[in-house]
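FYI, the numbering just counts along the sequence from 1.
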Amino acid sequence: IRRPPRSTPLYSSAASDVYKRQALNNWVMSLHLYVTAMSITLLVIVSYEVFLLEWRVKKVKIGEFLDDIPFSIERNYKTTFKLAGIGIMFLTLALLSGFYITDIVTTEIQLKALYTSISWLIYCSILIGTKYFNLKTKYAVRGLVFTLVFLLIAYMGNSYIFSTIA
């Protein structure tokens with residue numbers, strides 16, 4: 001945080017505006033990092049849980065698990081998609097805070113915003129499709145995998161691409 005020069009009267013209004021703006025930007029940056037980490041974490045957890053559920057469904061179909069499953073697979077799918085709904089809320093906050101803190105728009109930020117927006121659209125269409133249009137679970141699982149891939153490209157692959165080009 002920059003301090004006003006000594007010749008300025010103690011905390012002039014211009015200096016206090018700078019302090020307020022810097023404090024707000026620091027708060028929004030912290031919020032952005034938190035919600036981004038939470039959205040990626042929740043999407044990884046949801047994807048992992050869906051993979052486990054699909055594995056269990058295959059085992060039930062071939063007759064290996066009949067009495068060994070202590071929970072309803074359908075109820076676990078509903079819980080998983082509720083967790084995905086929380087993940088989309090965090091991803092929405094990450095997008096909004098990312099657009100707010102971006103002063104300079106570079107190619108790297110444009111690609112990150114593009115991939116994150118694509119994953120957000122897929123994420124929304126999966127949740128709306130499963131909730132209102134009875135989307136088949138196998139298509140929802142594929143969509144969650146694509147969403148995870150786009151988010152990982154946006155946040156990790158983007159840095160790798162630009163470090164190899166430069």
Side-chain angles (χ1 to χ4, degrees), residues 24-102 105-165:
L24 179 66
N25 283 343
N26 288 339
W27 184 80
V28 173
M29 177 63 95
S30 298
L31 175 76
H32 176 69
L33 293 175
Y34 174 74
V35 295
T36 301
M38 285 301 295
S39 67
I40 291 173
T41 303
L42 283 172
L43 188 57
V44 167
I45 290 170
V46 166
S47 298
Y48 179 71
E49 186 64 30
V50 166
F51 282 135
L52 286 178
L53 285 170
E54 285 296 307
W55 176 74
R56 289 180 183 138
V57 166
K58 284 183 184 179
K59 293 291 186 180
V60 166
K61 283 183 180 178
I62 61 173
E64 288 186 25
F65 284 143
L66 292 178
D67 299 326
D68 295 341
I69 301 176
F71 56 86
S72 167
I73 293 177
E74 292 172 2
R75 190 181 74 201
N76 208 358
Y77 269 119
K78 288 180 182 179
T79 305
T80 303
F81 283 112
K82 285 179 185 176
L83 189 62
I86 296 169
I88 196 164
M89 185 176 65
F90 279 114
L91 188 61
T92 303
L93 286 173
L95 272 171
L96 293 175
S97 63
F99 288 135
Y100 179 79
I101 63 173
T102 303
V105 180
T106 62
T107 307
E108 184 175 355
I109 291 175
Q110 286 176 344
L111 285 175
K112 189 178 285 191
L114 175 71
Y115 284 122
T116 306
S117 299
I118 290 171
S119 67
W120 185 83
L121 286 172
I122 295 171
Y123 217 178
C124 282
S125 63
I126 289 169
L127 291 178
I128 291 170
T130 55
K131 178 100 175 148
Y132 298 110
F133 299 112
N134 203 15
L135 180 69
K136 289 186 178 181
T137 307
K138 70 177 183 178
Y139 298 124
V141 169
R142 290 175 187 166
L144 284 173
V145 170
F146 285 133
T147 304
L148 180 63
V149 167
F150 277 115
L151 266 183
L152 291 178
I153 288 173
Y155 291 104
M156 295 173 200
N158 208 4
S159 302
Y160 177 75
I161 289 169
F162 281 103
S163 67
T164 56
I165 291 175

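- The main-chain N or O of Thr116 is found under 3.5 Å from a side-chain atom of Ser119 such that the two form a donor-acceptor pair.
- One finds the CG atom of Leu53 at 11.0 Å from the OH atom of Tyr48 (value rounded to the nearest 0.5 Å).
- Interatomic distance, Leu152 CG to Leu43 CG, rounded to the nearest 0.5 Å: 7.5 Å.
- Residues Tyr77 and Glu49 bring no donor and acceptor atom of their side chains to less than 3.5 Å of each other.
- The heavy-atom pair separating Leu127 from Phe81 by the smallest distance is CD2-O, 3.6 Å.
- Here the CE atom belonging to Met156 is positioned 5.5 Å from the CD1 atom belonging to Ile40, to the nearest 0.5 angstrom.
- A donor-acceptor pair is defined here as one N or O able to donate and one able to accept, closer than 3.5 Å; no such pair exists between the side chain of Thr36 and the backbone of Leu33.
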Sequence neighbours left out, cut at 3.5 Å: what donor-acceptor pairs do the side chains of residues 82-93 make with other protein atoms?
unit_1 : atom_1 : unit_2 : atom_2 : d
Thr92  : OG1    : Ile88  : O      : 2.8
Thr92  : OG1    : Trp120 : NE1    : 2.7

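- Residues Ser97 and His32 approach most closely at OG-ND1, 2.8 Å, considering heavy atoms.
- In this structure, Thr80 OG1 and Asn76 CG are separated by 4.5 Å, a value rounded to the nearest 0.5 Å.
- Put simply, OH on Tyr123 and CG on Leu42 are 6.5 Å apart, with the number rounded to the nearest 0.5 Å.
- Rounding to the nearest 0.5 Å gives a distance of 11.5 Å between OG1 of Thr137 and CD1 of Ile126.
- Closest non-hydrogen pair, Ala37 versus Thr41, comes out as O-OG1, 2.7 Å.
- Listed here is the closest heavy atom pair of Leu135 and Thr130: CB-N, 3.7 Å.
- Under the rule for a side chain to side chain donor-acceptor pair (under 3.5 Å), Ser117 has no partner lying at least two apart in sequence or in another chain.
- The environment of Tyr155 atom OH is dense: over 12 non-hydrogen atoms of other residues, nucleotides or ligands sit within 6.0 angstrom.
- When atom types are taken as modelled, the side chain of Ser47 and the backbone of Val44 share no donor-acceptor pair closer than 3.5 angstrom.
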